[in-house]
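Hydrogens, waters and symmetry mates are skipped; everything else that's a heavy atom, side chains included, is used. First listed ligand is number 1; within each ligand, the first listed atom is number 1. Treat the numbers as computed from the prediction; the structure is a model and nothing was measured.
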Amino acid sequence: MGAGPGFLTVEMAAEVGPDGLVVAVEPSEAMRALAQAREVPAGAAPIEHRSGEATALPLADASVNVLTVTQVYEYVAEVPAALAEARRVLSPDGRIFVLDTDWDSLVWHSADPARMRRILTAWDAHLVDPALPRRLPRFLRDAGFGAPEVRVLPLLTVGWDERSFAAGLVGLVEAFVPGRDGVDADEVQAWAADLRSLGADGFFSLNRYLFLADRR
Ligand SMILES: C[S@@+](CC[C@H](N)C(=O)[O-])C[C@H]1O[C@@H](n2cnc3c(N)ncnc32)[C@H](O)[C@@H]1O
């Protein structure tokens, strides 16, 4: 659900194999086009790409064994309604796998910590709930799921590396933040230039949280 460009979709199809089926649900036509263009290895499960929203999945009741929702619920306004919908489509022995980021876990080195705080506060507006993981155990329980297995997935880069998640994120923040919360383009560019200039002193740490729960 919220399959985006389809990386996990293809990996799941390879794991499931030709006797199964992977359904990739995604509301964005541009994302669906990217996912549909992705190469699928021989022997993989067939993949069906469908348009759909978290709170109105294009799937029949109890028709799904496993539902994966990675980096999606943090963009959804009505997470309890979305989890009720997830439970509807899962089979009685089905499981849900959820992954989201807690943006308060971000620890990045910077020459100007006050500027870093201003820019990250403006960046928080890129999603609905920047601190969703800490609320998910309660939301899952209230939606009727069993106690989740929870793990943390740290994303850590020491030093500046153009190929890292952190470097990609700096570019996204640079594009999103100017004009928000009183932060202008010059300030964001100075912030990004500082991070890129840290070289071996760069330190970029951010946590994602994984939840695996039974439908019950
Ligand atoms: C950060 S991307 C994650 C994509 C993919 N799951 C991954 O981990 O690579 C977020 C995805 O959630 C989708 N999305 C946003 N709001 C949604 C909603 N209300 N229902 C379903 N998907 C949504 C977006 O279109 C986008 O593809």
Here the gap from Y209 atom OH to R134 atom CZ, rounded to the nearest 0.5 Å, amounts to 8.0 Å
For ligand 1, which atoms, with element, lie under 4.0 Å from some heavy atom of [X]?
X	result
G2	4 (C), 5 (C), 6 (N), 11 (C), 22 (N)
A3	5 (C)
M1	21 (C)

Q. Heavy-atom distance under 4.5 Å between the side chains of L67 and I96, does that happen here?
A. yes
Side chain to side chain contact (heavy atoms under 4.5 Å, CB included) with F204: of L195, L169, L106, D161, only one passes, and it is L195
Closest heavy-atom approach to atom 12 (O) of ligand 1 among V76, V72, V128 is made by V72
Heavy-atom proximity to atom 3 (C) of ligand 1 ranks first, among E53, Q71, M31, E29, for Q71
Original post:
In this structure, are over 12 heavy atoms from other groups packed under 6.0 Å from E78 atom CD?
Top reply: no
Can you report which non-hydrogen protein atom sits closest to [atom], along with the distance?
atom	result
atom 17 (C) of ligand 1	P27 CG, 4.1 Å
atom 16 (N) of ligand 1	Y75 CB, 4.2 Å
atom 25 (O) of ligand 1	E26 OE2, 2.6 Å

Checking R180 side chain against W123 main chain: does a donor-acceptor pair fall under 3.5 Å? no
- Any donor-acceptor pair under 3.5 Å from E26 side chain to G4 backbone: yes
Practice problem: Measure up the F176 and H126 rings against each other and bin them: parallel (under 30°), tilted (30 to 60°), perpendicular (over 60°). | Solution: perpendicular
Is L8 near ligand 1, meaning one of its heavy atoms is under 4.0 Å from it? no
Pairs of nitrogen or oxygen atoms closer than 3.5 Å, one from T70 and one from ligand 1: do any exist? yes
Considering distance alone, does some N or O of A54 sit under 3.5 Å from an N or O of ligand 1? yes
Does a side chain donor of either D112 or S110 reach within less than 3.5 Å of an acceptor in the other side chain? no
